[in-house]
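As structure tokens, the structure follows; a few thoughts come after it.
In each ligand, atom 1 is the first atom listed, and ligand 1 is the first ligand listed.
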Amino acid sequence: MSNSFKNPLSIPVLGICAYSGTGKTTLLRQLIPSLAEQGIRVAVVKHAHHDFDVDVPGKDSYEVRKAGAKQVLVASHVRWALMTEAPCEGDPQLTHLLSQIEVDKVDMVLVEGFKKLTLPKIELHRAAHGQPFIYQNDNNILAIACCQDTLLPQEIQRLDLNNVQQICDFVTSYVNNWQAPALKLPLTPACGCDVADSKSLSVCQGVEKILSYVEPITAAEPVALDELNARVLATDAVSPVNVPQHTNSAMDGYAFALADPMPERFTLVGEVMAGYQYAGKIQAGQAVKIMTGAPVPEGADTVQPREMAHEEQGYVRFDGPISLGQHVRQAGEDIAKGAVALNANQRLGPAEQGLLASLGFAELAVIRRPKIAIFSTGDEVCEPGQALKPSCIYDSNRFTVKSMAKKLGCDVIDLGIIEDSEAALAAALLKGAAQADVIISSGGVSVGDADYIKTVLEQVGQINFWRINMRPGRPLAFGQIDNKLFFGLPGNPVAVMVSFLQFVQPALRKLAGESQWQNRLIPAISDVALRSRKGRTEFTRGIYQLGDDGRLHVKTTGAQGSGMLSSMVKGNCLIVIDEHDDAIEVGAQVYIQPFADLL
Ligand SMILES: Nc1nc2c(c(=O)[nH]1)N[C@H]1C(S)=C(S)[C@@H](COP(=O)(O)OP(=O)(O)OC[C@H]3O[C@@H](n4cnc5c(N)ncnc54)[C@H](O)[C@@H]3O)O[C@H]1N2
Ligand code: MOO
């Protein structure tokens, strides 16, 4: 039986497998120097029996470990070793062990043992030992090193067990031809939408289909600078001025013309404050006292900060090295007059507002806000603030959806809770279509008896009911009512938010005129083992933080029920488990979508 293995490193990993006594260590001792001659620096991971020890009783490192230290790092100027007490059931995890290797110090890893893992291997075989071949039950064997008289099928690459140079050439060629697998990001066509079967769609197929129906709004309106947050620019913002307007000083100090050789001291001829200008021209050997932001006078090209200068009786002397142009901000160095400061179709936030203010804009043309009509369905759903009826729940979906839509700069029309009746639903859908660009409902898209929405939707528009290969958020209805977009999100509160983030968000951004937007994916190290199912993208709520190793680490928020909104509150990201993965081991890389963009 073989266990799946994914190389977490950016260098090749090659196994050497054999029954014990075949001569693995003897071969490694000869192979490693031969590889070194080829310029290949080798790391070795060796599986050992359970009570192995690298230390000797009596040594300080041994004694402190025996005293209970979970890790002991012993180091000299030539070598260091980290000993970690890590009792675990079964074999140690090779992926985790490999992540300890410093890939900038070696070119490949040879792995001895771990023969059940699906890593590429060379099998060592000695017929005289009477053991069976490993390759017959392991299709990861690249070559067999055996004695000359051993019979092997033609199709197997044969190596001479007693010819180290030949084995070295094979390994060298393997290393030289090895290519790191192409980066497969989840949620992109490259991730292999092929996994989806004919009855269901992968997440990227769903997004692609939805976006093909979205026509960006082009209508624009002038909006005051103060109100531009979350709006999308309708036209390029061309700078009417240079920023900064004048070449000015970045320090409180002295402005002068750099000379070679430098005079011993400069004659102080004046002082210039921010907001004022020095009227004259600076001559060789002269300096003016200058404040941060004040225009550098004509003739001066360099500023020395006050801390590096000594002023006495009308003169100034400078300490330390001085370079031409230091502490001088050139006119237009941030944004030049006539340059495009912000492109059309860019979403504006605080930084963009500040930049537009710095150019003197008081208002700008932006795309009109998309109008979104939102309602919840279900007789069990109650309005917050009212007494909760027996067997009912408060409506949370309308509030998460409204809030996310508002953050995306949409105008929200709240159609309330619609009872489970065909007439009420039809009326709500038609009202939404008459007033809004997009209608979003939640609930009633699965297969429950009271899911009237399906029948009604078939009457009022062209709606598709999809099964998306994802969790949470499997059922999704999408279509058009009177040329307005309709999203029927699933009822479960976490499923609503995840479906909104994956499907509604890109649609609303495109509708609002925003171009080139993509959900952000950031690599992080998983501190926990994660499970999924091949063919399904899993959106696990996670908490990411910077680890002590300076890398981003993530763990789950705990229980992941699709009705548990607390998981969205505790979390700061979704951990996206690709549809090709069914298991993520501790220490493996995963991708996360931080909530920072929207939640
Ligand atoms: N036999 C099957 N049952 C279910 C399937 C399935 O494939 N076969 N899919 C499950 C999945 S996955 C989801 S998600 C839900 C989606 O069902 P609906 O969209 O029809 O939603 P409802 O049944 O109306 O509600 C599901 C759940 O969510 C609660 N809910 C509904 N609206 C709100 C709201 N506004 N605020 C808070 N909570 C709400 C509702 O009470 C239910 O508990 O179907 C599964 N079942
Ligand atoms: O969409 Mo459902 O259970 O996947 O929440």
Side-chain angles (χ1 to χ4, degrees), residues 196-197 199-203 206 372-386 388-405 412 414-422 424-425 428-429 432 439-458 463-479 486-504 531-533 535-541 557 559-569 571 574-577 579:
D197 57 49
K199 290 201 202 105
S200 41
L201 300 175
S202 68
V203 179
I372 316 295
I374 295 168
F375 64 89
S376 296
T377 65
D379 285 348
E380 81 279 26
V381 180
C382 287
E383 187 70 36
Q386 294 180 357
L388 189 61
K389 288 180 248 156
S391 311
C392 288
I393 48 154
Y394 283 122
D395 183 1
S396 60
N397 293 345
R398 212 158 25 103
F399 298 91
T400 51
V401 172
K402 280 197 294 186
S403 191
M404 289 188 285
V412 165
D414 187 342
L415 298 179
I417 301 166
I418 306 300
E419 67 181 69
D420 278 334
S421 93
E422 288 193 17
L425 278 175
L429 288 165
I439 306 134
I440 303 175
S441 74
S442 70
V445 292
S446 187
V447 292
D449 291 341
D451 298 343
Y452 298 97
I453 203 156
K454 227 174 249 186
T455 357
V456 178
L457 283 169
E458 273 153 19
I463 313 293
N464 298 303
F465 289 86
W466 293 335
R467 285 200 166 282
I468 308 285
N469 277 320
M470 66 188 262
R471 196 175 72 171
R474 192 156 65 125
L476 177 71
F478 173 75
F486 169 76
F487 289 89
L489 304 181
N492 278 325
V494 180
V496 164
M497 294 192 78
V498 172
S499 305
F500 186 100
L501 292 171
Q502 305 309 318
F503 300 110
V504 183
R531 295 272 166 273
S532 180
R533 203 186 65 198
R536 176 169 84 192
T537 304
E538 191 87 21
F539 293 95
T540 303
R541 275 72 73 205
T557 53
Q560 295 287 316
S562 62
M564 301 171 82
L565 265 186
S566 59
S567 67
M568 292 296 294
V569 174
L574 292 174
I575 307 171
V576 186
I577 308 177
E579 53 195 358

| What atoms of ligand 2 come within less than 4.0 Å of a heavy atom belonging to R474? | 1 (O), 4 (O)
| query | So is there a nitrogen or oxygen of S562 less than 3.5 Å from a nitrogen or oxygen in ligand 2? | reply | yes
| said: Students should be able to answer this: which protein heavy-atom is nearest to atom 4 (O) of ligand 2, and at what distance? | reply: G473 N, 2.8 Å
| Residue part near ligand 1, for P472, under 4.0 Å between non-hydrogen atoms | neither
| said: So is P475 touching ligand 1 or not, going by heavy atoms under 4.0 Å? | reply: yes
| task | Please work out whether any backbone atom (N, CA, C, O) or any side-chain heavy atom from C-beta onward of P493 is under 4.0 Å from ligand 1, and answer side chain, backbone, both or neither. | result | side chain
| message | Show me which atoms of ligand 2 lie under 4.0 Å from any heavy atom of A495. | response | 1 (O), 5 (O)
| query | For ligand 1, does E380 get within less than 4.0 Å through its side chain, its backbone, both, or neither, judged by non-hydrogen atoms? | reply | side chain
| task | Indicate yes or no: at least one non-hydrogen side-chain atom of V494 is less than 4.5 angstrom from one of N492. | result | no
| said: Is it the case that ligand 1 has an N or O less than 3.5 angstrom from some N or O of R398? | reply: no
| Heavy atom under 4.0 Å from ligand 1: found in I393's side chain, backbone, both, or neither? | side chain
| message | Could you go through I440 and V504, starting from their C-alpha distance and side-chain angles, then the distance that decides it, and tell me whether this counts as side chain to side chain contact (heavy atoms under 4.5 Å, CB included)? | response | CA-CA 9 Å; I440 303 175; V504 183; 3.7 Å; yes
| said: Within the 4.0 Å heavy-atom shell around R467, which atoms of ligand 1 are there? | reply: 6 (C), 7 (O)
| request: Say whether, by atom type as modelled, one donor and one acceptor occur between the side chain of T377 and the main chain of S442 under 3.5 angstrom. | output: yes
| task | Report yes if the side chains of V203 and E579 come closer than 4.5 Å at any heavy-atom pair, otherwise no. | result | no
| query | Taking heavy atoms and a distance under 4.0 Å, where does V381 meet ligand 1: side chain, backbone, both or neither? | reply | side chain
| field | Element-labelled atoms of ligand 2 that are located less than 4.0 Å from some non-hydrogen atom of P475 | value | 1 (O)
| If you measure from atom 6 (C) of ligand 1 to every heavy atom of G563, G491, S446, which option wins on shortest distance? | S446
